[in-house]
Amino acid sequence: MSKITQAVEVARRWAADPAHGYDQTNRWGPDYDCSSFLISVWEEVGVGVKGYGATWTGNMRSAFLKAGFTDVTDICELNMGAGQQSGDILLNESYHTEMYLGDGMLVGAASNEFGGITGGQSGDQTGGEIRIRPWYRYSHGWDCVLRYGEETVPTTSSKKEDETGSYTVQSGDSWWRIAKKVWGSGELMYELARLNGKTVEDMLHPGMVLRLRGGEEKNGEAAERARLEREAALLGGRILWP
């Protein structure tokens with residue numbers, strides 16, 4: 001049995017087991033949050049993503065790539081799910097992650113019995129704290145798709161920052177993904193949104209043209225400001241849980 005098949009089976013089994021609920025404080029078993037759930041699933045089947053530094057959504061991509069995953073985002077469709085295979089990890093590096101099970105279904109840790117992230121009882125009190133459900137487009141958008149053992153080399157996106165310093169939004173883009181693509185750091189998404197008179201909670205649509213600033217927005221001061229703003233947003237409860 002392949003590692004992917006094993007991981008899918010473990011994720012299904014844990015989702016169906018009422019001993020496993022959602023908690024973002026006590027998150028390494030038997031309760032989990034979205035990232036610790038998938039990290040623990042892959043650890044369970046012998047893929048040591050933790051050893052490469054996987055602890056939350058913000059470092060999952062880099063750790064999973066080191067553990068044998070491939071970024072297949074450019075050969076998948078992020079709005080409808082086309083091209084995704086059983087075992088793929090859908091990741092928004094700022095907020096959320098789930099696993100694609102196949103047949104149009106996802107599995108992931110969602111929220112506790114109060115619809116929140118901390119303070120509930122251990123275990124699944126609602127039958128849906130860790131749940132299997134139809135594929136959906138996450139409210140903040142998916143940033144990437146990761147696939148274990150995939151040998152296909154994804155194509156490189158041809159749409160980059162153009163000569164006028166603007167960027168045309170593509171299908172599947174998010175504020176984080178665009179900032180990562182054009183400025184090298186997803187943490188600068190707050191700078192990008194502010195430059196365009198918006199916030200990171202505003203929806204992006206294919207064809208929108210975003211203004212980009214020069215290199216001064218890529219420096220450490222901007223990155224640190226973006227980090228502090230992101231922490232403030234999290235503390236302010238502005239996470240849109242699915």
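Here, residue 1 is the first one in the sequence, and each next residue gets the next number.
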Which residue in the set Thr97, Thr73, Asp143, Asp71 passes side-chain hydrogen bond (donor to acceptor under 3.5 Å, both in side chains) when paired with Arg61? Asp71

Would you call Ile89 and Val145 a side-chain contact if the rule is heavy atoms closer than 4.5 Å? no

Decide if the gap between the ring center of Phe69 and the ring center of Trp42 is smaller than 6.0 angstrom. yes

Quick one: does Asn112's side chain get under 4.5 Å of Gln125's, heavy atoms only? no

Quick one: does Thr57's side chain get under 4.5 Å of Cys34's, heavy atoms only? yes

Would you kindly say whether Tyr136 and Glu98 are connected by a side-chain donor-acceptor distance under 3.5 Å? yes

Given side chains that start at C-beta, do those of Leu146 and Val72 come closer than 4.5 Å, heavy atoms only? no

Taking only residues two or more places apart in sequence or in another chain, which ones pass salt bridge (Lys or Arg N to Asp or Glu O under 4.0 Å) with Asp173? Lys181

Sequence neighbours excluded, which residues qualify as side-chain hydrogen bond (donor to acceptor under 3.5 Å, both in side chains) partners of Thr118? none

Quick one: does His140's side chain get under 4.5 Å of Ser174's, heavy atoms only? no

Check: Met208 and Gln170 side chains under 4.5 Å, non-hydrogen atoms: no

Side chains of Asp17 and Asp124: does their closest heavy-atom pair fall under 4.5 Å? no

Among side-chain atoms of Arg27 and Ser35, is any donor-acceptor pair under 3.5 angstrom? yes

Which atom pairs, one a donor and one an acceptor, fall under 3.5 Å between side chains of residues 3-14 and the rest of the protein, sequence neighbours left out?
| unit_1 | atom_1 | unit_2 | atom_2 | d |
| --- | --- | --- | --- | --- |
| Lys3 | NZ | Val45 | O | 2.7 |
| Thr5 | OG1 | Ser2 | OG | 3.0 |
| Gln6 | NE2 | Met1 | O | 3.0 |

Heavy-atom pair with the smallest gap, counting every atom of Gly128 and Ala110: O-CB, 4.3 Å

Mind checking whether Tyr22 and Asp33 have side chains closer than 4.5 Å, heavy atoms only? yes

Hydrophobic clusters here meaning ILVMFWY residues chained together by side-chain heavy-atom distances under 4.5 Å, can you tell me if Tyr52 and Phe37 are in one? no

Between the side chains of Asn79 and Arg137, is a donor N or O closer than 3.5 angstrom to an acceptor N or O? yes

Determine yes or no for a side-chain-to-main-chain donor-acceptor pair under 3.5 angstrom, with Ser40 supplying the side chain and Ser36 the backbone. yes

